[in-house]
Amino acid sequence: RRAGKVVVYGSATGLKALERFAAYSTARTAQMGYVRTVGLEAAKHNVQVNLIAQNFVENPVYYPPELKGTEMFERILRQVPARRLATGREDALFALFLASDESDFFVGQAIPFSGGWIQR
């Protein structure tokens, strides 16, 4: 078809190192390198490949309901300049944007979606 979008979900830990997570951070960084390279190769065919580097998105496995309101949850939120978790809707709308024709100039990018966490 000579046109298309590939949206990859990854982790912001590929952009910001974390102690005690060397293997995980390395894998996420490798994933970003893959997206950058494939993004360049696919761009000449009018296919955009990009990665959402997310962290701190509402998820009942990572952030179960019983965690909210606890001191541990407050410590987590203090790491996020936005001082909140992203909603699943926000996450999905960002992916929808990257999958749309409105994002044709994004090529091989790992775009942070972490409420400012990687800026710290």
Side-chain angles (χ1 to χ4, degrees):
R1 293 182 7 195
R2 299 274 180 193
K5 305 287 182 165
V6 177
V7 179
V8 178
Y9 271 99
S11 171
T13 58
L15 296 168
K16 179 179 178 177
L18 291 176
E19 286 186 69
R20 299 180 312 251
F21 289 90
Y24 183 77
S25 293
T26 299
R28 298 303 116 223
T29 302
Q31 182 185 37
M32 289 179 185
Y34 177 77
V35 166
R36 281 192 297 271
T37 303
V38 171
L40 291 175
E41 294 172 358
K44 63 185 166 208
H45 302 291
N46 194 30
V47 174
Q48 292 79 42
V49 180
N50 294 290
L51 180 141
I52 298 173
Q54 67 177 13
N55 202 353
F56 302 107
V57 177
E58 287 180 349
N59 177 315
V61 174
Y62 292 129
Y63 309 105
E66 59 272 13
L67 180 65
K68 293 185 179 173
T70 66
E71 176 56 33
M72 182 175 173
F73 188 68
E74 292 306 313
R75 275 195 311 251
I76 290 167
L77 292 184
R78 282 193 294 271
Q79 297 177 53
V80 185
R83 295 290 188 253
R84 68 177 182 85
L85 300 177
T87 66
R89 184 175 194 282
E90 289 172 308
D91 198 20
L93 287 171
F94 185 42
L96 186 61
F97 167 72
L98 288 177
S100 77
D101 292 338
E102 303 302 317
S103 67
D104 287 348
F105 208 59
F106 287 89
V107 172
Q109 299 296 303
I111 306 164
F113 186 77
S114 63
W117 175 73
I118 65 154
Q119 302 295 4
R120 292 187 158 217

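For Val57, the side-chain contact (heavy atoms from CB on, under 4.5 Å) partners are Gln54, Ala86, Asp91, Phe113, not counting sequence neighbours. Here Ser11 pairs with Thr13 under the side-chain hydrogen bond (donor to acceptor under 3.5 Å, both in side chains) rule; sequence neighbours left out. Contacts of Arg2 classified as side-chain hydrogen bond (donor to acceptor under 3.5 Å, both in side chains), with partners at least two apart in sequence or in another chain: His45. Legend: residues meeting side-chain contact (heavy atoms from CB on, under 4.5 Å) with Glu58, ordered by chain and number and at least two apart, are Lys68, Leu85, Thr87. In this structure, the side-chain contact (heavy atoms from CB on, under 4.5 Å) partners of Val80, at least two apart in sequence or on a different chain, are Phe56, Ala82. Under the ring-ring contact (aromatic ring centres under 6.0 Å, His included) criterion, Tyr63 pairs with no residue at all, not counting sequence neighbours. Considering only residues two or more places apart in sequence or on other chains, Lys5 meets the side-chain hydrogen bond (donor to acceptor under 3.5 Å, both in side chains) condition with Gln48, Ser103, Asp104. By the side-chain contact (heavy atoms from CB on, under 4.5 Å) test, Pro64 is found to be paired with Glu66, Leu67, residues two or more places apart in sequence or in another chain being considered.
Linking ILVMFWY residues whenever their side-chain heavy atoms come closer than 4.5 Å, directly or via other members, leaves Val47 and Leu98 in distinct clusters. Using a 4.5 Å cut-off between side-chain heavy atoms of Ile, Leu, Val, Met, Phe, Trp and Tyr, with links allowed through other members, Phe97 and Val6 fall into different hydrophobic clusters. With hydrophobic clusters built from ILVMFWY side chains whose heavy atoms lie under 4.5 angstrom apart, Leu40 does not share a cluster with Val35. Residues Trp117 and Met72 fall within the same hydrophobic cluster, defined by Ile, Leu, Val, Met, Phe, Trp and Tyr side chains chained together at heavy-atom separations under 4.5 Å. Transitive grouping of hydrophobic side chains (ILVMFWY, heavy atoms separated by less than 4.5 Å) brings Val38 and Val8 into a common cluster.
Atoms CD1 and CD1, on Ile52 and Ile111 in that order, are 7.5 Å from each other to the nearest 0.5 Å.
A pairwise comparison of heavy atoms in Pro112 and Ile118 identifies CG-CD1, 3.4 Å as the closest pair. Counting all heavy atoms, side chain and backbone alike, Ala110 lies closest to Leu15 at O-CD1, 4.3 Å. A pairwise comparison of heavy atoms in Ala42 and Val49 identifies CB-CG2, 4.1 Å as the closest pair. Gly108 approaches Arg36 most closely through the heavy-atom pair O-CG, 3.1 Å. Contact record, Val107 with Gly39: CG1-O, 3.4 Å, taken as the closest heavy-atom pair.
Within a 6.0 Å sphere centred on OH of Tyr24, other residues, nucleotides and ligands contribute more than 12 heavy atoms. Atom OH of Tyr34 sits in a sparse spot, with 12 or fewer heavy atoms from other residues, nucleotides or ligands closer than 6.0 Å.
For residues 72-85, every residue pair satisfying the salt bridge (Lys or Arg N to Asp or Glu O under 4.0 Å) rule, not counting sequence neighbours, is listed here: Glu71-Arg78, Arg84-Glu90. Screening residues 19-31 for salt bridge (Lys or Arg N to Asp or Glu O under 4.0 Å) gives no qualifying pairs among residues at least two apart or on separate chains.
Grouped with Val61 in a hydrophobic cluster is no other residue, since no side-chain heavy-atom contact under 4.5 Å to another Ile, Leu, Val, Met, Phe, Trp or Tyr is found.
Without hydrogens or angle criteria, Asn55 side chain to Ala12 main chain gives no donor-acceptor distance under 3.5 Å.
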